[in-house]
Amino acid sequence: MKKIFKYCINQVAFYLVLIFFALITAAPFLYMIGTSFKGQSFIFEYPPKFIPDQPTLRNFIVAWTSRRFDKFFLNSVVVTLCSTISVVFLSSLMAYGFSRFQFRLKGFLNGSIRIFMMMPAMTLIIPQFILASKLDLINTLPGVILVYIAQNIPLCVFLLTGFMQQLPRELEEAAEIDGASPWEIYRTIIMPLSKPALATIAIFSSLGAWDEYVWAMTILNDPEKRTLPVGIAAFHGQYLTDWGVVFAASLIAITPIILLFIFMQKYFIKGIMAGSLKG
Amino acid sequence: MKKKLTPIFGIAIVFALLLCACGGMAVGKSAADESSDSDIVEPAEVVAEPVTITFWHTYNEISPENEMLMNTLIPLFEAEHPNIKVESLPVAYEDFRTKLFTSISGGVAPDLARIDIIWTPELADMGALASIDEEMSDFADYMDLLFAGPLATNFWNGHYYGLPLDTNTKLWFYNKALYDSAGITAPASVDEMLDQCQMLKAANPDVYYFATDGTWAWVVLPWIWSFGGDITDVEVTTATGYLNGAQTVAAFEFLKELYDQGCIAPVIMGSGIDTFAGYGQDVYASLDNGPWTFPIVESQFPDKEISISPFPAGAGGSINVVGGENIVLFQQSENKEAAMEFLRFVLSKKYQEKMAEVGQLPVRVDLIESDFIKNHEYYGMFLEQLKTSKSRTAHPKWSQMDEIITNAGQLILRNEKSAQEALDEAAAQIDELLK
C-alpha cells in the first residue's frame, strides 16, 4: 500500500514538472498564435493576453496579400526541396563510403568534414559571396541552393556514418555472395535500412534551408526571388514594426515545417539517437 | 573490397554532379525567365538605351512610405523617363549594413541606396561611393536648395559623397493628462526635471517620468550637448577633455540621478515594455523621440492625445540630434547617368512633398514655406528644433565610437563605475580609434 502511494506521489510530481516545462516551452509559441489574431492596437496591451478579446484575421490577410508573399512561399519550397533532395542523396553516398570502405585519405576527409561542422556560417559569408559572384550566382536561387547543400552536408554525413556503421554487415555479405555490386547494396540494402536516419537528416536539412536567413538576405537582390525569412524580415521597419503581421506571416511560414515534423516524427526520434551509442 | 572502390566513387561523383546540374539548371532557367527584363546591364553614357537602376532602402515593406514610393513616385519617374526602370529593394534595417558591405566587397553594389546619414563617411572612406560633386554637373544648384545641416553629413575628405534625402530630429513628447494630474507643464529646462518627476510620482506612483530605450549616442547626445559637453573636438582629433569633460560628466551624472530616483524607466537598460507602448498606456509620461512617434502611437492607440515641446534646455541650450537619411551613388554603378536622373527626381519638390505626406521631413529649403508644412500639426516644431540640432561625429569609425559610448552609459547606470571613471576610459578608447 505504502509502495503504491509512493509511486503515485512520484508520478504526480513527475508529471507536474513535465507540464511546467511544457508550458514554458509552449508559451512563446501560444503567445505568437494569440498575437497574430490581435488588432494592432491590442498588441502591446498590458497585462498581455494569450486569447485576444476581439480576434481578427486582418494580419493574415495583410501578410498573405502583401506584394509577393505567395512568391516567397514558392521560392522557399523550391529552395528547400532542391537542397534537401541533394543533401540526402549526396550525404548518404558519402556516409556509405565512410562506413564501408577503406581508402587513402579517409581519415583526413572524415576529419575535414567535422571541422566544417564547427565553422560558424557567418565567417564564411564574404568568401562565399565572392565565389558566388565569380560563378555568376548572385541573385539566383541556384546560388542559394548550392550553399545550403554545402552547409548541411557535414552534419548529415556525420549522423549517417554513425548510423550506417551500426547496420549488420551480414546482409551485405550475403548480397555480395549473390553477386550484388556495391551500388546495388547501397540501393537495395543500405538505403531501406537507413530510413530513420534519412528521415532525420531530411528534417534537419529542410529545416536549415527553410529557416536560413543571412545568406538568402545577402545574395538575393530581386524582391521576387526572396525566400520567406527574408520576405518576413522586410515587414520590420526601422521605427515601426507591425508585430501582428510579422507573427501571422511567421505562423504561415512555420506550418509546413510543423507538418513535416509531425509526419516524420516517429523516424526522427529513432534517427537522432544514431551515433549516440557506439560500442 | 578496396579495388571496387574507385568505380563506386566515380559513379557517385557523376551522379552528384548530374543531380546538381539538373536541379541547378531547372531552377536557373525559371529564375532567368522571371527576371529577363530586369537583368539588362548596359553601359549608359547617354540614357538613350533602356536601363534598369537598383535602389536599396530600409522602408518597411508594408509601410506608407514604401506604398508611396512603389505606387506613386517610381511610376511617375518611369513615366517621365521611359528608358529608365527603377528596381526598388526594401531591406530590414538591422541587416542592411551586412548586405551592403558584402555586396560591395563582392563587386555587386546597387546603383543607389538610401542610407543612415552616419554611414556616409564610413562608406566614402572605403571608396565605395562616387563623389557627387564631381559626377553631377548641376551639383552647385543643390548647395543653396538644401538645408545646410543635412547636406553637410555628406561631406567627407573634401568631397560630397551623397545628397540628403530626408531629415529629422527629436522633440520632447509628453502625456498631457499625466502632466496635468501632477500640475506640471512640459519642462523648459533640465533644472526643473527632478522636481517635476517627484510631483508626478506623488500623483501617479506607478508612472515613470521619462523613458528611452538605451544609452547609445542617439539617446545620450541631446543630454550631452544640452549640458554643454561634446564627444570630440571640432576637428575630430581627440575625445579627451570632451567626452570626459566636466559638462559631459555632469550630463551622465544627471541621467544617473534621474535613473536612481526611478524617474527613468528600466527600458533604458533593456527591460520593461517599449517606449511607444508605455507612452500609449500612460506608464511613461515623456519620451525624447522623432516624428515617427505620431504614426506609431496613433496606429496602436488611436485615441491618444500626443503633445510635443522642444527638448529641455541645459547650460548649452536645447540641442538635439540630427537624424535622417542620405541617398548615395555607388562607385561600382554602371548606370551613373540614369542613377543621377533618379537622384534629381528624389530631390524634386514633387517627391519631397509626397514623402512629407507619409512622415518624411523634407530637406528642401523652399518647402518650409509651403502650405503643407505651414499647416502641418507638428512638422513646424521639428523644423524649429532642427535649427539648433547637431549632427553626430562624421567619422568612418563612428559605429565603433557609438558602441564605446553605449557601454560607458550602461556601466554608469548599473553603478559599476562612476561617470568620470567610465568616461575617462571611453575617451581613451575613442582616442585610440582616432589615431
Side-chain angles (χ1 to χ4, degrees), chain A residues 40-46 62-63 66-67 78-79 82-83 85-86 89-90 93-94 96-97 100-103 125-126 129-130 132-134 137-142 145-146 149 181-183 186 213-214 217-219 221-225 230-231 233-242 245, chain B residues 1-2 4-5 7-9 11-12 15-16 19-20 23-28 30-32 34-35 38-39 54 56 58-63 70 87-95 98-99 102-103 105-108 110 273-274 276-278 280-281 283 290 292-293 295-296 299-302:
Chain A
Q40 207 179 355
S41 50
F42 298 100
I43 285 173
F44 290 109
E45 66 190 337
Y46 191 84
V62 171
S66 82
R67 210 157 282 115
V78 169
V79 164
C82 286
S83 57
I85 292 170
S86 310
F89 181 68
L90 292 176
L93 281 175
M94 280 169 84
Y96 178 49
R100 286 294 183 266
F101 299 95
Q102 292 304 323
F103 50 92
I125 279 263
I126 292 193
F129 192 87
I130 293 171
S133 130
K134 293 213 166 112
L137 287 170
I138 301 290
N139 201 16
T140 61
L141 291 184
I145 295 167
L146 277 178
I149 296 174
S181 68
W183 171 249
Y186 162 80
Y213 173 66
V214 179
M217 185 271 298
T218 311
I219 188 179
N221 298 329
D222 184 345
E224 299 276 308
K225 289 181 190 158
V230 187
F235 290 150
H236 288 268
Q238 185 176 355
Y239 308 114
L240 172 62
T241 297
D242 189 339
V245 177
Chain B
M1 202 54 140
K2 206 171 174 179
K4 281 183 183 168
L5 181 79
I8 272 294
F9 260 74
I11 293 167
F15 264 87
L19 189 90
C20 273
M25 246 156 61
V27 179
S30 67
E34 280 164 25
S35 62
S38 60
D39 279 346
T54 47
W56 293 3
T58 54
Y59 295 125
N60 182 344
E61 171 103 32
I62 46 176
S63 65
M70 296 301 292
E87 204 168 82
S88 134
L89 180 75
V91 183
Y93 180 78
E94 294 81 46
D95 307 301
T98 319
K99 182 168 171 70
T102 318
S103 302
S105 56
V108 288
I273 50 175
D274 86 292
F276 301 118
Q281 293 170 66
V283 186
W292 49 85
T293 307
I296 293 178
S299 67
Q300 286 168 15
F301 309 96

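Per chain, numbering begins at 1; letters A, B, ... match sequence-line order. Just so you know, these numbers use all the heavy atoms, side chains as well, and skip hydrogens, waters and symmetry mates. Fair warning: this is a prediction, and the values are worked out from it, not measured in the lab.
Ranked by heavy-atom pairs shorter than 4.5 Å toward chain A, the options B/S88, B/S103, B/S63, B/P110 are led by B/S103.
For A/Y186, no part lies near chain B; criterion is any non-hydrogen pair under 4.5 Å.
How far CD of A/E224 is from CG of B/L89: 11.5 Å, rounded to the nearest 0.5 Å.
A/S133 places a side-chain N or O within donor-acceptor distance of the main-chain N or O of B/G106, the cut-off being under 3.5 Å.
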Check step by step if side chain to side chain contact (heavy atoms under 4.5 Å, CB included) holds for A/N221 and B/K99. CA-CA 10 Å; A/N221 298 329; B/K99 182 168 171 70; 2.8 Å; yes
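Nearest approach of A/A234 to B/P90, heavy atoms of both residues: CB-O, 4.3 Å.
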